[in-house]
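Model, not experiment: these values are computed from the prediction.
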Amino acid sequence: MRTRHFVPRPVAALTGLLLASALTLTACGAGGDSGGASSAQDKAAAAGPAEAADARAGQEGAAGGEGGEGGARKATAAPPKLAQNRIIRTASLTVRVKNVPKALDDARAAAEAAGGYVGDETTTRDEDGGEQTRVVLRVPVERYDAVLATLQGAGRLLERSSKAQDVTDQVVDVESRIATQRASVARVRELMERATKLSDVVELEGELSRRQADLEALLAQQASLKDRTSLATITLSLSGTPVRQAEEDDDAPGFVDALAGGWDAFVTMLRWIAVALGAVLPFAAVAALLLAAWLRLLRPRLRRRGED
């Protein structure tokens with residue numbers, strides 16, 4: 001005779017209740033996920049076209065990151081690329097030379113030989129007659145030290161100052177922002193091609209103009225950083241000996257100068273004596289004629305009268 005085992009009714013009811021609760025929670029979770037996705041899409045649709053493009057690009061990037069797990073592992077495994085140091089070098093020199101124009105020509109030649117060029121140039125003359133020239137030279141960073149040594153050896157160095165500014169982080173930041181801005185411009189252009197409403201086209205054109213202006217500003221900043229980091233700036237100030245001081249130094253008397261001065265005085269005296277003789281000679285000639293006439297004519301007559 002077969003024995004039957006009966007499960008108590010309270011236990012069976014509790015088991016059914018637990019299964020129903022599990023099924024209800026699963027359905028709610030699925031519905032919540034679909035609702036969240038639909039709400040995100042609704043928010044993206046309610047936003048402007050440009051913001052919708054950015055949101056769509058972010059969702060695609062997140063999906064690509066989840067699906068491309070192997071690519072992310074490869075990127076993580078690759079060693080990071082080190083950025084080259086970008087340094088802005090500037091220097092200022094003040095040199096006193098004997099001949100300012102010649103020293104200026106030599107400075108120009110040194111800059112051009114190094115592969116650089118001459119920038120601003122200013123020449124003035126002070127009250128004492130001294131000539132001063134200020135010139136700005138742009139030379140490659142690789143020849144910066146050599147050109148600097150050549151310039152300061154052109155005469156007597158009065159003042160020198162140099163500065164090095166590291167802008168590597170700024171260069172990297174600008175390059176990253178340029179890449180992001182280019183991608184943003186490309187997304188807006190893609191939306192313009194798909195747009196069908198005139199209002200959307202007008203809005204996208206304004207957004208495109210704004211983003212292109214930002215991109216051009218970043219490109220100009222990048223070009224400026226490249227110019228300042230590839231070419232060093234040297235400001236050279238050349239000053240000559242004042243003319244009055246040079247004349248005073250040249251007029252300092254010496255033995256040769258005294259001898260030359262004495263000879264000049266002697267020659268000058270002889271010249272004045274000759275001039276005086278030339279001036280007196282006509283009067284002396286007339287006086288001699290009168291004296292000769294008196295001795296030959298008047299004196300004998302006077303003697304005869306005296307004898308009579």
Tell me if a side-chain donor or acceptor on Ser209 pairs with a main-chain N or O of Glu205 at a distance below 3.5 Å.
yes
Test of understanding: with salt bridge (Lys or Arg N to Asp or Glu O under 4.0 Å), list the residues that count as partners of Glu190, not counting sequence neighbours.
Arg194
Minimal non-hydrogen separation, Pro140 against Gly116, with atom names
CD-N, 3.9 Å
Worked check of salt bridge (charged side-chain N to carboxylate O under 4.0 Å, His left out) between Arg138 and Asp227:
CA-CA 10 Å; Arg138 303 296 307 279; Asp227 177 73; 3.3 Å; yes
Measuring from Leu218:CG to Glu175:CD, what's the distance to the nearest 0.5 Å?
11.5 Å
Is the closest side-chain heavy-atom distance between Leu219 and Arg182 below 4.5 Å?
yes
Please determine whether the number of non-hydrogen atoms from other residues, nucleotides or ligands lying under 6.0 Å from atom CZ of Arg134 exceeds 12.
no
Single-linkage hydrophobic cluster Leu93~Val136, side-chain heavy atoms < 4.5 angstrom:
no
Can you measure from CD1 (Ile234) to CZ (Arg89) and round to the nearest 0.5 angstrom?
11.0 Å
Side-chain heavy atoms of Val185 within contact of Leu208, under 4.5 Å:
yes
Among Val167, Leu231, Val141, Asp166, find the residue that satisfies the side chain to side chain contact (heavy atoms under 4.5 Å, CB included) test when tested with Ile88.
Val167
Only pairs under 3.5 Å count here: list side-chain donor-acceptor contacts from residues 147-164, not counting sequence neighbours, and write none if there are none.
| unit_1 | atom_1 | unit_2 | atom_2 | d |
| --- | --- | --- | --- | --- |
| Thr150 | OG1 | Ala146 | O | 3.0 |
| Gln152 | OE1 | Arg160 | NH1 | 2.9 |

Quick one: side chain to side chain contact (heavy atoms under 4.5 Å, CB included) partners of Lys102, sequence neighbours excluded?
Asn99, Asp106
Do Arg108 and Glu121 sit within salt-bridge range, that is, some charged N less than 4.0 Å from a carboxylate O?
yes
Going by the side chain to side chain contact (heavy atoms under 4.5 Å, CB included) test, name the single residue among Val174, Val171, Asp173 that passes it with Gln221.
Val174
Decide, yes or no, whether a salt bridge links Glu207 with Arg211 under the criterion of side-chain N to carboxylate O below 4.0 Å.
yes
Side-chain contact, heavy-atom cut-off 4.5 Å: Leu238 with Gln132?
no
In this structure, would Phe266 and Ile273 fall into the same cluster of hydrophobic residues linked by side-chain contacts under 4.5 Å?
yes
Within 6.0 angstrom of Asp264 CG, more than 12 heavy atoms from elsewhere
yes
Among the clusters formed by ILVMFWY side chains lying less than 4.5 Å apart, do Leu277 and Leu270 turn up in the same one?
yes
In sequence, state the C-alpha distance, the side-chain angles, and the governing distance for Ile178 and Gln222, and then conclude on side chain to side chain contact (heavy atoms under 4.5 Å, CB included).
CA-CA 9 Å; Ile178 287 175; Gln222 184 186 38; 3.4 Å; yes
From CD (Gln212) to CD (Gln181), nearest 0.5 Å
9.5 Å
Between CG of Asp169 and CG of Asn85, what distance do you get to the nearest 0.5 Å?
9.5 Å
Closest heavy-atom pair, Gly278 versus Pro282, reported as atoms and distance to 0.1 Å, is O-CD, 3.3 Å
Donor-acceptor pair, side chain of Ser176 and main chain of Val172, under 3.5 angstrom
no
Between Leu137 and Tyr117, does the side chain to side chain contact (heavy atoms under 4.5 Å, CB included) criterion hold? Intermediate values first, please.
CA-CA 6 Å; Leu137 306 175; Tyr117 63 92; over 6 Å; no
Is there a donor-acceptor contact under 3.5 Å linking the side chains of Thr233 and Thr90?
no
Is Ser224 reaching over with its side chain to a backbone N or O of Ala220, donor-acceptor style, under 3.5 angstrom?
no
Could you go step by step and tell me if Thr133 and Thr123 meet the side chain to side chain donor-acceptor pair (under 3.5 Å) rule?
CA-CA 4 Å; Thr133 297; Thr123 300; 3.2 Å; yes
